[in-house]
Protein chains: 2
Amino acid sequence: MEATTSLIGRKWVPTILLTLDASPKRFGALKSEIADCSKKMLIQQLNLLLENNLVINIKTVDNNSTESTYMLSSMGQSLMPIVKSMRNWGNNNLACER
Amino acid sequence: MEATTSLIGRKWVPTILLTLDASPKRFGALKSEIADCSKKMLIQQLNLLLENNLVINIKTVDNNSTESTYMLSSMGQSLMPIVKSMRNWGNNNLACER
DNA sequence: CAGAATCCTATGTGATACTG
DNA sequence: CAGTATCACATAGGATTCTG
């Protein structure tokens with residue numbers, strides 16, 4: 001329980017998961033979809049998700065730039081129903097106080 | 001989404017909800033069931049839950065001491081399936097790294 | 001018995017500049 | 001393009017003491 005909330009309770013993590021759930025994305029695409037999240041935070045939370053095997057990363061070096069693609073792992077996907085039900089519950093029950 | 005995680009992402013909150021889900025409890029009973037949580041934290045998180053209408057509090061003054069009973073509201077109960085599924089997911093998928 | 005107030009520390013978060 | 005490093009700040013969490 002504590003471990004679960006220590007993951008999805010972190011800032012930007014649910015947003016990242018929802019964004020990656022739509023489709024795998026390169027780092028830059030993620031960054032522009034979640035513009036309010038700083039680059040450092042985004043990388044930091046992605047690393048957290050990588051360490052916990054919720055997300056998979058594939059790097060390829062084409063010409064002279066780097067391409068880093070992130071996608072949900074099967075474990076990450078297994079969490080999505082919960083994330084989505086949290087979102088729905090919040091929309092139905094919480095005003096925008098906090 | 002953010003609002004939801006700002007509630008259940010807080011320390012002790014899921015534990016409190018699960019404990020109250022079993023049955024309504026007086027403050028002292030809660031405190032002893034969740035012994036590791038300091039009194040201040042317990043009160044603080046209970047107030048957070050009260051403000052967000054997840055929990056109901058009833059105070060009565062008998063002899064010369066105060067009795068303060070906490071229980072889940074209907075909104076709090078509506079969140080329990082999610083909390084429990086988070087707990088199950090964590091038990092199934094997370095080692096005890098974090 | 002419940003709860004509030006105070007203080008202190010750890011951690012999360014954010015802006016910015018730097019590297020390969 | 002991705003990722004790292006440094007610094008600086010805000011907030012969460014905990015120990016303790018006080019009040020009705």
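Because only heavy atoms are used, hydrogens play no part in the values below, and waters and symmetry mates are left out as well, while side chains stay in.
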Distance-only criterion, 3.5 Å: show the donor-acceptor pairs between side-chain atoms of residues 11-19 of chain B and protein atoms not counting sequence neighbours.
from    : atom 1 : to      : atom 2 : distance (Å)
B:Thr15 : OG1    : A:Glu2  : OE2    : 3.0
B:Thr19 : OG1    : B:Thr15 : O      : 2.7

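- As a whole-Å value, the separation of B:Glu2 CD from C:dG12 P is 17 Å.
- For the pair A:Lys11 NZ and D:dA12 P, the computed distance is 10 Å after rounding to whole Å.
- Each of A:Lys40 and A:Glu67 was assigned the nucleotide of DNA chain D with the nearest heavy atom; the assignment lying further toward the 5' end belongs to A:Glu67.
- The phosphate of D:dC1 has neither OP1 nor OP2 within less than 4.0 Å of any side-chain N or O from A:Tyr70.
- Residue A:Thr66 places its side chain closer to D:dA2 than to any other of C:dG14, D:dG14, D:dA2.
- No engagement by A:Asn64 is indicated, since no non-hydrogen atom pair under 4.0 Å with the nucleic acid exists.
- Atom CD1 in A:Ile43 sits about 17 Å away from atom P in C:dC18, given to the nearest Å.
- Taking the screw axis at each terminus of the helix from C:dC1-D:dG20 to C:dG20-D:dC1 from five consecutive base pairs, the angle between the two is 40° to within rounding of 10 degrees.
- Side-chain contact annotation: B:Thr69 with B:Asn57, donor-acceptor N/O pair under 3.5 Å absent.
- In this entry the distance linking CG of B:Leu46 with P of C:dG3 reads 8 Å, nearest Å.
- A pairwise comparison of heavy atoms in A:Arg26 and A:Thr66 identifies NH2-O, 3.5 Å as the closest pair.
- Contact annotation: B:Ser68 reaches the phosphate of C:dG3 (side-chain N/O to OP1 or OP2, under 4.0 Å).
- To the nearest angstrom, P of C:dT11 lies 15 Å from CE of A:Met41.
- Atom-to-atom, NZ of A:Lys39 to C1' of C:dA17 comes out at 10 Å; the value is rounded to the nearest Å.
- Atom NZ of A:Lys31 is separated from atom C1' of D:dA2 by 13 Å (rounded to the nearest Å).
- Side-chain atoms of A:Asn91 and B:Met1, non-hydrogen and from C-beta on, never get closer than 4.5 Å to each other.
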Donor-acceptor list for residues 75-84 of chain A side chains, cut-off 3.5 Å, not counting sequence neighbours:
from    : atom 1 : to      : atom 2 : distance (Å)
A:Ser78 : OG     : A:Met75 : O      : 2.6
A:Ser78 : OG     : B:Trp89 : NE1    : 2.9
A:Lys84 : NZ     : A:Asp21 : OD2    : 2.9

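- Taking every side-chain heavy atom of A:Phe27 into account, D:dG3 is the closest of D:dG3, D:dA15, C:dA2.
- In this model, the phosphate group of D:dG3 is not approached by any side-chain N or O of A:Gln44 to a distance below 4.0 Å at OP1 or OP2.
- Side-chain contact between A:Met71 and A:Val55 is absent, with no heavy atoms from C-beta onward closer than 4.5 Å.
- Side chain of B:Ser73 to backbone of B:Asn53: a donor-acceptor contact under 3.5 angstrom is found.
- At D:dA2, one or more side-chain N or O atoms of A:Arg26 fall inside 4.0 Å of OP1 or OP2 (strictly under the cut-off).
- Distances shorter than 4.0 Å separate some side-chain N or O of B:Asn47 from OP1 or OP2 on C:dA4.
- From B:Ile56, atom CD1 reaches atom CD1 of B:Ile58 across 7.0 Å, with rounding to the nearest 0.5 Å.
- Within the 4.0 angstrom heavy-atom criterion, only backbone atoms of the sugar-phosphate kind lie near A:Lys59; the bases stay farther away.
- In this structure, B:Arg10 atom CZ and D:dG13 atom C1' are separated by 11 Å, rounded to whole Å.
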